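Accompanying notes for the structure given below.
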2 protein chains.
Amino acid sequence: MYIMKENCSIRKVANFLGKRWTLLILLELYKGKSKWKRFSQVKKSLNNITPKILSARLKELEREKLIEKRVNVERFPIKSEYKLTEAGKDFINIIKNIKKWSLKWKEKNEKCDERDCKDCEF
Amino acid sequence: MYIMKENCSIRKVANFLGKRWTLLILLELYKGKSKWKRFSQVKKSLNNITPKILSARLKELEREKLIEKRVNVERFPIKSEYKLTEAGKDFINIIKNIKKWSLKWKEKNEKCDERDCKDCEF
DNA sequence: CCGGATCCTCTGCGATACTG
DNA sequence: CAGTATCGCAGAGGATCCGG
């Protein structure tokens with residue numbers, strides 16, 4: 001049905017990039033030097049994301065090798081932590097390119113509230 | 001609800017980039033030196049796209065200034081033609097960057113059938 | 001020939017509750 | 001704490017018809 005194959009590299013990127021919350025999650029993990037971040041930390045930062053969606057997105061990004069996960073099950077409470085991989089950090093450059101493209105071609109760049117918007121850091 | 005504003009530049013791009021067919025349409029218009037292409041030509045190239053979706057995507061891309069449209073109403077049948085704007089051509093570079101990123105970080109690049117896949121030209 | 005209008009299906013997303 | 005399970009809805013996408 002689709003001419004481009006399911007596993008076509010560009011299409012795969014478009015497929016996760018376009019999903020709701022994905023971009024915000026990446027930028028959230030990028031903030032603060034890409035340190036390990038807990039599930040609940042990300043959740044809190046992305047105020048209205050539900051655990052179901054967050055979980056799904058994190059799994060997808062892990063599968064695509066943009067983030068990595070580590071779990072500490074030895075003591076309670078369990079900690080699951082996530083951070084960008086090298087590929088993930090490199091992918092941030094693509095997002096920066098998109099930002100640059102927007103700045104170049106759009107008459108006015110739409111600015112977000114400085115307090116919350118995570119892409120205005122670029 | 002979303003922290004990032006509706007009109008945030010990066011989010012806007014992610015929103016149209018992730019939609020089905022968008023990428024294929026851009027690449028289709030990019031093929032052949034970005035000449036004017038008819039609605040029906042694009043439709044034929046993207047075998048199973050329905051006119052409703054194609055029309056919606058073209059409108060969105062026109063609104064985002066990635067493509068431009070010209071119409072000839074003087075004679076029958078009416079011709080509507082589309083091609084990439086300068087911004088649109090520049091946007092192709094972002095797609096190329098995504099391709100490069102994939103090549104760099106994925107163990108194997110998934111190749112599409114040469115005959116049909118439009119991103120393998122890069 | 002272009003593409004809008006209608007109707008219908010399907011899935012992405014969200015709210016809530018629940019478990020190891 | 002870190003998720004999974006269930007349910008429900010709205011909106012995206014598809015098939016088809018039709019009119020300019």
Side-chain angles (χ1 to χ4, degrees), chain A residues 1-4 6 11-26 28-29 35-64 67-83, chain B residues 1-4 6 11-26 28-29 35-64 67-83:
Chain A
M1 174 172 266
Y2 235 24
I3 298 175
M4 216 176 257
E6 289 298 324
R11 200 185 146 212
K12 275 174 85 171
V13 171
N15 273 351
F16 68 72
L17 188 59
K19 284 185 187 163
R20 213 172 166 186
W21 299 110
T22 300
L23 204 43
L24 292 175
I25 292 168
L26 287 176
E28 183 60 33
L29 292 178
K35 298 276 184 223
W36 291 101
K37 289 232 173 87
R38 311 265 301 271
F39 186 92
S40 52
Q41 284 181 285
V42 179
K43 190 165 170 293
K44 194 182 293 176
S45 299
L46 274 44
N47 260 341
N48 288 301
I49 194 172
T50 61
K52 175 185 165 184
I53 302 299
L54 179 55
S55 175
R57 293 296 179 274
L58 289 170
K59 276 208 182 85
E60 181 170 36
L61 289 172
E62 195 186 357
R63 180 159 26 90
E64 296 296 328
I67 67 176
E68 51 188 324
K69 176 185 184 178
R70 73 174 182 195
V71 189
N72 184 347
V73 285
E74 309 216 337
R75 49 170 63 244
F76 207 82
I78 294 166
K79 283 198 213 176
S80 293
E81 296 180 307
Y82 303 84
K83 70 167 188 171
Chain B
M1 173 171 266
Y2 235 23
I3 297 175
M4 216 175 259
E6 288 298 323
R11 201 186 144 211
K12 277 174 85 171
V13 172
N15 273 350
F16 69 72
L17 187 59
K19 283 185 188 162
R20 212 171 167 187
W21 300 109
T22 300
L23 204 43
L24 292 175
I25 293 168
L26 287 176
E28 183 60 32
L29 292 178
K35 298 276 184 225
W36 291 101
K37 289 233 173 88
R38 311 263 303 272
F39 186 92
S40 51
Q41 284 182 285
V42 180
K43 188 165 170 294
K44 193 182 296 176
S45 299
L46 277 43
N47 261 341
N48 288 301
I49 193 170
T50 60
K52 174 186 166 184
I53 302 296
L54 179 55
S55 176
R57 292 296 178 276
L58 289 171
K59 275 207 182 88
E60 181 170 36
L61 289 172
E62 194 185 358
R63 182 158 25 89
E64 296 295 328
I67 68 175
E68 51 189 324
K69 175 184 184 179
R70 72 174 183 197
V71 188
N72 185 347
V73 285
E74 310 217 337
R75 49 169 63 242
F76 205 83
I78 293 167
K79 284 198 211 174
S80 295
E81 297 180 307
Y82 305 84
K83 70 167 188 171

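The structure presented is a predicted model; accordingly, all values stated were derived computationally and were not measured. Scope of the values below: all heavy atoms of this structure, side chains included, with no hydrogens, waters or symmetry mates. All chains are named by letter (A, B, ...) in the order of the sequence lines, taking the proteins before the strands, and each is independently numbered beginning at 1.
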Is there a side-chain polar atom (N or O) of [X] under 4.0 Å from OP1 or OP2 of [N]?
X	N	result
A/S55	D/dA2	no
A/R38	D/dC1	no
A/K59	D/dT4	yes
A/S40	D/dA2	yes
A/W21	C/dG14	yes
B/S80	C/dG3	yes

Correct closest heavy-atom pair for A/T22 and A/F16 would be OG1-O, 3.1 Å

Shortest non-hydrogen pair, B/L17 vs A/A14, comes out as O-CB, 3.8 Å

Starting from the C-alpha separation in whole Å, work towards a yes-or-no answer on side chain to side chain contact (heavy atoms under 4.5 Å, CB included) for B/Y82 and B/K69.
CA-CA 5 Å; B/Y82 305 84; B/K69 175 184 184 179; 3.5 Å; yes

Send over the distance from [X] [atom1] to [N] [atom2], rounded to a whole Å.
X	N	atom1	atom2	answer
B/K37	C/dC1	NZ	P	18 Å
A/N72	D/dG3	CG	P	13 Å
A/I78	D/dC1	CD1	P	12 Å
A/L54	D/dG3	CG	P	8 Å
A/I25	D/dG3	CD1	C1'	14 Å
A/R70	D/dG3	CZ	P	14 Å
A/Y82	D/dA2	OH	C1'	7 Å
B/N15	D/dG13	CG	P	11 Å

task = Look at the side chain of A/R11 and the backbone N and O of B/L24, then say whether any donor-acceptor pair between them is shorter than 3.5 Å.
result = no

Taking side chain as C-beta onward, heavy atoms only, is A/I49 less than 4.5 Å from A/I25?
yes

Overall bend of the helix from C/dC1-D/dG20 to C/dG20-D/dC1 (five pairs an end, 10° steps) is 50°

A/W36 and A/K83: side chain to side chain contact (heavy atoms under 4.5 Å, CB included), yes or no, with the steps? CA-CA 5 Å; A/W36 291 101; A/K83 70 167 188 171; 3.6 Å; yes

Item to check | Working for side chain to side chain contact (heavy atoms under 4.5 Å, CB included), residues A/Q41 and A/K44 | outcome: CA-CA 5 Å; A/Q41 284 181 285; A/K44 194 182 293 176; 5.9 Å; no

Whether each nucleotide of nucleotides 5-12 of chain D has a protein heavy atom under 4.0 Å at its base (B), only at its sugar-phosphate (S) or at neither (-) is summarised, 5' to 3', as -BB-----

ask   = For B/E28 and B/L46, what are the C-alpha separation, side-chain angles and deciding distance, and is it a side chain to side chain contact (heavy atoms under 4.5 Å, CB included)?
value = CA-CA 8 Å; B/E28 183 60 32; B/L46 277 43; 4.1 Å; yes

**Message:** Can you confirm whether A/K37 is buried at NZ, in the sense that more than 12 heavy atoms of other residues, nucleotides or ligands lie under 6.0 Å from that atom?
**Reply:** yes

